[in-house]
Amino acid sequence: SSKAQDHYRMDTNYRSTPYLVKAANFILDQHEDVMSETRTTIRQRAKGLEKGTHPSIIRLSEEKLIKNLIKLGLPSVFCPLLVRNEDDVGRLSEKLATSEQKKEGTKNPNVMTIPGCKGLEYENVIIWDPCSGSGRILDNFYHYKKGSIINDPESIALELRHIFVGITRARYRLALIGPDDEGKNKTEILSGLGFLEGKSEYFSKDNGDVLESFTKDTASTEEFVDQAKIFEDAGAYRLAAEAYRSAGIDNERFRCEGEYFLNNEEFDEASSKFKHAGDKTDDKKLKLELYIKANDCLSNVLDENSSIE
């Protein structure tokens, strides 16, 4: 079934600023209209947060968007870049890798799909080209001419649910970023983002400067560690490893990387990471536990090799 409540609870207490709650509920209104169903409004938690700021819409070329994000060091541990299409993750995580990540031959793990972020919460969230899914059906649906001939409520509802989930990952600030509309007729609605841009009670158009407030560039070591523990609790070990790396805590970083590879049954890599973690650990008991884990992973590698032979 494509009913929204079959996928996500819409009536749970929500911990975001009122502006974000309003934006999320607006998307639910759109979903209701498409599916002709009744929905439950998200409730604001009893202890209301500060009002915060309007979710922003930033429309620039991909080149300019990437340049701005790199300049600001985004995405980061405290602000992910959520993308609708899996195919965009590899490309953007490589382009947006920090200089340290590039030096190590890794990508930026803070670029992820919207479903991949489900269950996590962030202070700030950026959503990349949110209307790009299902063959850009939202662009066609909201287009002033094409919309009248689009008749695929299941796909439209799916894309609205993705946007809803993306919005509800943010607690304070949200930016929807994507390309500007092509064509001369800029007075009419030409795309999904164009439609949202016209809803000024929910979204504000910005030129990109607002992203400076998304950076949290004065974060302390304790804040990085706290975020790492949140990621660990959610089983997001790659993100936890990146948070520990940013905090300069190598043993915890390598341990989390080991857990990530272990979960993916990449035992050779996991063994190497657990050994590195043990090498960096002063606590003798923990060091021994990490070395044992490294050896267990090696045993799995040997078992795999013997089964192949």
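All values below come from the heavy atoms of this structure, side chains included, with hydrogens, waters and symmetry mates left out. These numbers were taken from a predicted model, which means no experiment stands behind them.
- Residues satisfying the side chain to side chain contact (heavy atoms under 4.5 Å, CB included) test with N151, not counting sequence neighbours, are P153.
- Looking only at atom types and distance, the side chain of N108 has a donor-acceptor partner in the side chain of N110 under 3.5 Å away.
- Judged as a side chain to side chain contact (heavy atoms under 4.5 Å, CB included), and not counting sequence neighbours, the contacts of K205 are E197.
- Side-chain atoms of K287 come within 3.5 Å of backbone atoms of G278 as a donor-acceptor pair (strictly under, hydrogens ignored).
- Applying the side-chain hydrogen bond (donor to acceptor under 3.5 Å, both in side chains) test to pairs two or more places apart or on separate chains, those with a residue in residues 289-301 are E259-K293, D279-Y291.
- In terms of modelled atom types and a separation under 3.5 Å, the side chain of S16 and the main chain of V21 share no donor-acceptor contact.
- Within the structure, salt bridge (Lys or Arg N to Asp or Glu O under 4.0 Å) pairs that include any residue of residues 62-76 comprise E62-R91, E62-K95 (at least two apart or interchain).
- In this structure, the salt bridge (charged side-chain N to carboxylate O under 4.0 Å, His left out) partners of E104, at least two apart in sequence or on a different chain, are R253.
- Within the structure, salt bridge (Lys or Arg N to Asp or Glu O under 4.0 Å) contacts touching residues 74-85 (residues at least two apart or in different chains) are R84-E159.
- Without hydrogens or angle criteria, S272 side chain to E269 main chain gives no donor-acceptor distance under 3.5 Å.
- A donor-acceptor pair shorter than 3.5 Å can be found between the side chains of R59 and S191.
- Under a cut-off of 6.0 angstrom, the local environment of CG in D282 is sparse, with at most 12 non-hydrogen atoms contributed by other residues, nucleotides or ligands.
- For the residue pair Y244 / E257, no side-chain donor-acceptor distance below 3.5 Å is found, with atom types taken as modelled.
- Taking Y142 as the reference, F195 meet the ring-ring contact (aromatic ring centres under 6.0 Å, His included) condition, with sequence neighbours excluded.
- In this structure, L160 CG and I137 CD1 are separated by 10.0 Å, a value rounded to the nearest 0.5 Å.
- Within the structure, every pair that satisfies the ring pair (Phe, Tyr, Trp, His ring centres under 6.0 Å) test and touches residues 199-222, not counting sequence neighbours, is listed here: F26-Y202.
- Residue pairs satisfying the ring pair (Phe, Tyr, Trp, His ring centres under 6.0 Å) criterion with at least one member in residues 54-108, sequence neighbours excluded, are listed as follows: Y19-H54, F78-F224.
- Annotation: salt bridge (Lys or Arg N to Asp or Glu O under 4.0 Å) contacts involving residues 138-153, sequence neighbours excluded, comprise R136-D139.
- As a member of the Ile/Leu/Val/Met/Phe/Trp/Tyr network built from side-chain separations under 4.5 Å, I292 groups with L288.
- Within the structure, every pair that satisfies the ring pair (Phe, Tyr, Trp, His ring centres under 6.0 Å) test and touches residues 82-131, not counting sequence neighbours, is listed here: Y122-F231.
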